[in-house]
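The model shown is predicted, which means the values in this text are computed figures rather than measured ones.
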Amino acid sequence: MDYTINVRGKLMSMAEPQVMGIMNVTPNSFYAASRVQTEEAIRARVKQIRAEGATIIDVGACSTNPYLEKLTTEDEEMQQIDMALSILKEEDAEIPVSIDTFRSKVAQMCIEKYHVDMINDISTGKDPDMFPLVAETGTPYILMTQKATLRDVLMEFSEKVQQLRDLGQKDIILDPGYGFGKTMAQNFKLYDEMERFRVMELPLLVGISRKRMIYQTLNITPEESLNGTTVLNTIALMKGADILRVHDVKEAVEAVKLYKSLKS
């Protein structure tokens, strides 16, 4: 389906799959090679994401690695993401920016100070101020679930989408949350059932880049998981994914090009 997302007054079409490049500005992301912390590294990553063909940058300053002993504090997250966005906007003011955060105060700062284009929330709106914030500001919202079965995912999506709609939220993107709150078997079963999410009639984001469901299944490391990521990204495209959230932009863009050639 040809979905559109309102990005700063311009419609971004999902008629062709989009690639979202990950920029981690946290020191403890599970994939070490994705971490950028200095001004030079941030500028280089923005240039790389853009040059390799991504149409969205997803900036995160608080790792969601389940094995972390200590979570980044709100103040630390705010400081890191403020620094990163000031550099990113200097380097490229045009590319749409998504903020990976579950904290409404962080999201509010990013929206008000930097006019970011999307909020990517892994918590399914557990912060009570998040839904009203995105609805009031008209900011597209990525709704992720940590539920583990198709039935439970669809029920939660239906409930949360209705809550957002009641507040006046227009642009909602769904993320099934692969790797969050699910066993390995549940991840793969839900992946196999991906096309069932079309019943929601909303754009679908898939983020499985170098995740545990790849590297533990293949008995390798995150650093060795590019091929597995590309395989699953290709399957996601064939099952209807509208946005691929990835560390490796070039390979994802190539997968999209081949998929488009196949469909045409």
side-chain hydrogen bond (donor to acceptor under 3.5 Å, both in side chains) contacts touching residues 137-150 (sequence neighbours left out): Asp121-Tyr141, Thr137-Thr139, Thr145-Glu156, Thr149-Asp152
Chi angles and distances behind the side-chain contact (heavy atoms from CB on, under 4.5 Å) call for Ile42, Met83: CA-CA 10 Å; Ile42 291 169; Met83 178 268 293; 3.4 Å; yes
Where Pro140 and Asn6 come nearest, the two heavy atoms and their spacing: CG-O, 3.3 Å
Pairwise side-chain contact, Pro96 with Met12, heavy-atom cut-off 4.5 Å (strictly under): yes
side-chain contact (heavy atoms from CB on, under 4.5 Å) between Leu85 and Val116, intermediate numbers included: CA-CA 9 Å; Leu85 287 176; Val116 298; 4.1 Å; yes
Closest heavy-atom pair and its distance - Ala148, Val153: N-CG2, 4.5 Å
Any side-chain heavy-atom pair of Ile235 and Met238 under 4.5 Å: no
Worked check of side-chain contact (heavy atoms from CB on, under 4.5 Å) between Cys110 and Ile81: CA-CA 8 Å; Cys110 295; Ile81 214 157; 3.8 Å; yes
Residues, nucleotides or ligands: over 12 heavy atoms within 6.0 Å of Lys47 NZ: no
For Cys62 against Glu77, the heavy-atom pair lying closest together: CB-CD, 3.7 Å
Minimum heavy-atom distance Ile95-Ile57, with the two atoms named: CD1-CG1, 3.6 Å
Minimum heavy-atom distance Ile208-Ile214, with the two atoms named: O-CD1, 3.3 Å
Ser123 OG to Met144 CE distance, which is reported to the nearest 0.5 Å: 8.0 Å
From CZ (Arg50) to CD (Glu94), nearest 0.5 Å: 7.5 Å
Electrostatic pair Asp192-Lys239, nearest N-O below 4.0 angstrom: yes
Contact check, side chains of Ile122 and Phe180, non-hydrogen atoms, under 4.5 Å: yes
4.5 Å side-chain heavy-atom contact, Thr217 and Arg212: no
Met200 side chain reached by Leu154 side chain, heavy atoms, under 4.5 Å: yes
Audit row: Phe157, Thr124, side-chain contact (heavy atoms from CB on, under 4.5 Å) steps and yes/no: CA-CA 9 Å; Phe157 276 159; Thr124 326; 5.9 Å; no
Residues Arg210, Asp248: salt bridge by 4.0 Å N-O rule: yes
Pairing of Asp127 and Arg103 as salt bridge, 4.0 angstrom limit: no
Donor-acceptor pair between Gln162 and Arg165 side chains, under 3.5 angstrom: no
Note, Val161 side chain near Leu143 side chain (heavy atom, < 4.5 Å): yes
CD1 on Ile173 to CD on Gln18, rounded to 0.5 Å: 9.5 Å
Gap between atom CD1 of Ile111 and atom CG of Asp117 - 0.5 Å precision: 10.0 Å
Considering all heavy atoms, the nearest Tyr3-Leu202 contact: OH-N, 3.4 Å
Hphob cluster co-occupancy, Met155 + Val199, side-chain heavy atoms under 4.5 angstrom: no
Reported CG-to-CD1 distance for the pair Asp171 and Ile5, which is rounded to 0.5 angstrom: 4.5 Å
Distance-only side-chain donor-acceptor flag, Gln79 / Asp75, under 3.5 Å: no
4.5 Å side-chain heavy-atom contact, Arg43 and Leu88: no
Within 6.0 angstrom of Asn219 CG, more than 12 heavy atoms from elsewhere: no
Spacing of CZ belonging to Phe197 relative to CG belonging to Asp242, to within rounding of 0.5 Å: 13.0 Å
Met78 and Thr73, any side-chain heavy atoms less than 4.5 Å apart: no
Polar side-chain atom of Tyr114 near backbone of Met109 as donor-acceptor pair, under 3.5 Å: no
Lys182 (side chain) donor-acceptor with Gly177 (main chain) under 3.5 angstrom: yes
